[in-house]
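So the structure is just underneath, and the comments pick up after that.
Whatever order the structure lists ligands and atoms in, that order sets their numbers, starting from 1.
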Amino acid sequence: MNIATWVERNAKRLPDRPAHAVGDTVTATWGEFAGRVSRLAAGLRSQWGLAPGDRVAIVMSNCPEYLEAQFAIWYAGLVAVPVNARLHREEIAYILDHSGTSLVITDAEHAETVAPLVDVVAGVQEVVVAPGADWDELCAVEPTPDVLTATPRDSADPAWLFYTSGTTGRPKGATLTHGNLLMASLSYFADIGPVTAYDSVLHAAPLSHGSGLYGLPHVAKGAVSVFPRSGALDGAELLDLLARWPGMSFFAAPIMVRRLSLDPALAGAGVDGMAGLKTIIYGGAPMYLPDLEHALGVFGPRLAQIYGQGETPMTITALSLADHADREHPDWRVRLQSVGTPRTDVEVRVVGADGGDLPAGEPGEILVRGPVVMAGYWRQPEATEETLRGGWLHTGDVGSFDAAGYLTLHDRSKDLIISGGMNIYPREVEEALMTHPGVQAVAVVGRPDPEWGESVVAFVVPRDEAPSEADLDATCLARIARFKRPKEYRFVPSLPTNNYGKVLKRELRQQFSDSPDRP
Ligand code: AMP
């Protein structure tokens, strides 16, 4: 089925209930939202001559128009390419080109970066800015007979190309089908909790990632999508929103949960202040035990953790609300340090180097199989074959089960750095730094950081004279997003390598293991 069908159904069942809101103000009812979605779908098809299966990218900050774009794309049978709006122009250009995007929808904030790409990326016909005159024009197109209802889609048809940065330095597009997104939503109901039309979902994190995926089960059930007016959430704003939109759930990276839980505005909120809060779903990066215990004190037992990947959208394991609340259990604290148990709709294995299953307690690579796992990487058959070999998604994450079936993550074998909830692949930063003529060799690793989770450190072997840090920063900023730039440079005469000449990043990281700021 086409998941945009949910919008049509809500328009019939709940025409006057709010579909989305900014702060305390309703910006559209389900009746209005569905009308705009079908007219936009007509506009996308007729104005731009797009046909089902064509790709349309969204490069925007969170706003109601983001949801309009996303659902209009699906309604018209097109494929959405939600791009992290904080990426560098070059990175965005690569994704547009690789995905074969025909049309880009952006907002005023990103138009300056995105608009010139029409001349750079051959396939892109136009960049439309929303909200704005172009958007209103598209919205004014009367639905043609082919878009009077959502375009029929098979569960195997692509819906969302989820670009994740690969270890090769180039992002890969996990092809998520309508069937994958449906399973991810059903699995939310099974393992996180039910949703009703009287609930709300707060978009406090980017819609191009976790928040977009968690929005789906809420759209399915007719809950209202709420956008914080500030664009960035603080404690006082959260309390106001909880009072206005009770039954609220939201996704947040661990660093954001930590920040909110330390906000003095929430310290005295007590049971009444939090009454409107249903669930904070956190995940995407490690949550440290002291932070989690503190957050449970502030928010009450309203936290659930998920472990997932773009390749199996938000769905590998979950540590349920009940697990968080079960303080009497002798393993309560141990379990809080795990990522929970396998989701209802997937099989999860931990295997050794020979591919055989490992017993409880032994760490190995985490493998996943089930209907939520991506169809493959867009236009990358070799990477798909490698990652989905034997019918199992090879996550690249290392973990171990305990005897009761709780999974603990040990390391990320792909050397991914997660800083402030954002994924940074060292290779991308290394490739940027290697373009500086003064750099002979470089290795980038994550350093434990109590504020950011991890921070980026570059070990640089200079050619003759060490380049200045300002110079290296400028080299990075010309090629990659600001948040990926190293926070620290260490100049070294050589890098530790093994017999095959591979850099031993473990040894570099060990230099931090005794450092006082390890969380
Ligand atoms: P992404 O595809 O961008 O969502 O990144 C997925 C990666 O984030 C996973 O492969 C893990 O390495 C990491 N990750 C996801 N969830 C968790 C979690 N709950 N705890 C620790 N790391 C996580």
How are the rings of Phe162 and His209 set relative to one another: parallel (under 30°), tilted (30 to 60°) or perpendicular (over 60°)? tilted
Please state which option from Thr317, Leu319, Asp397 has its nearest heavy atom closest to atom 11 (C) of ligand 1. Asp397
A student comparing Ala253, Gly421, Gly308 should find that the heavy atom closest to atom 7 (C) of ligand 1 comes from Gly308
One finds that the ligand 1 atoms under 4.0 Å from a non-hydrogen atom of Leu409 are 20 (N), 21 (C), 22 (N), 23 (C)
For ligand 1, which atoms have a heavy atom of Gly310 less than 4.0 angstrom away? 1 (P), 2 (O), 4 (O)
Logged contact type for Met287 with ligand 1, heavy-atom cut-off 4.0 Å, is neither
Cation-pi between Lys487 and Trp452: NZ/CZ under 6.0 Å from ring centre and within 45° of the ring axis? yes
Which of the numbered atoms in ligand 1 are under 4.0 angstrom from any heavy atom belonging to His209? 1 (P), 3 (O), 4 (O)
Taking the side chain as everything from C-beta on, heavy atoms only, tell me whether His394 gets closer than 4.5 Å to Glu386. no
Using every non-hydrogen atom in the two residues, find where Leu358 and Gly364 come nearest and quote the distance to one decimal. CD1-CA, 3.6 Å
When you measure from the centre of the six-membered ring of Trp392, is the NZ or CZ of Arg349 closer than 6.0 Å and no more than 45° off the axis? yes
Heavy-atom nearest pair, Ala481 first then Glu91, reads N-OE1, 3.3 Å
Atom indices of ligand 1, in the order listed, that fall short of 4.0 Å to a heavy atom of Thr164: 2 (O)
Show which atoms of ligand 1 fall inside a sub-4.0 Å distance from at least one heavy-atom site of Gln305. 18 (C), 19 (N), 20 (N)
Suppose I only count heavy atoms of Ile306 and a 4.0 Å limit; which atoms of ligand 1 are within that range? 16 (N), 18 (C), 19 (N)
Looking only at non-hydrogen atoms, find the nearest pair between Thr344 and Ala190 and report the distance. OG1-CB, 3.7 Å
Any N/O of Gly284 closer than 3.5 Å to an N/O of ligand 1? yes
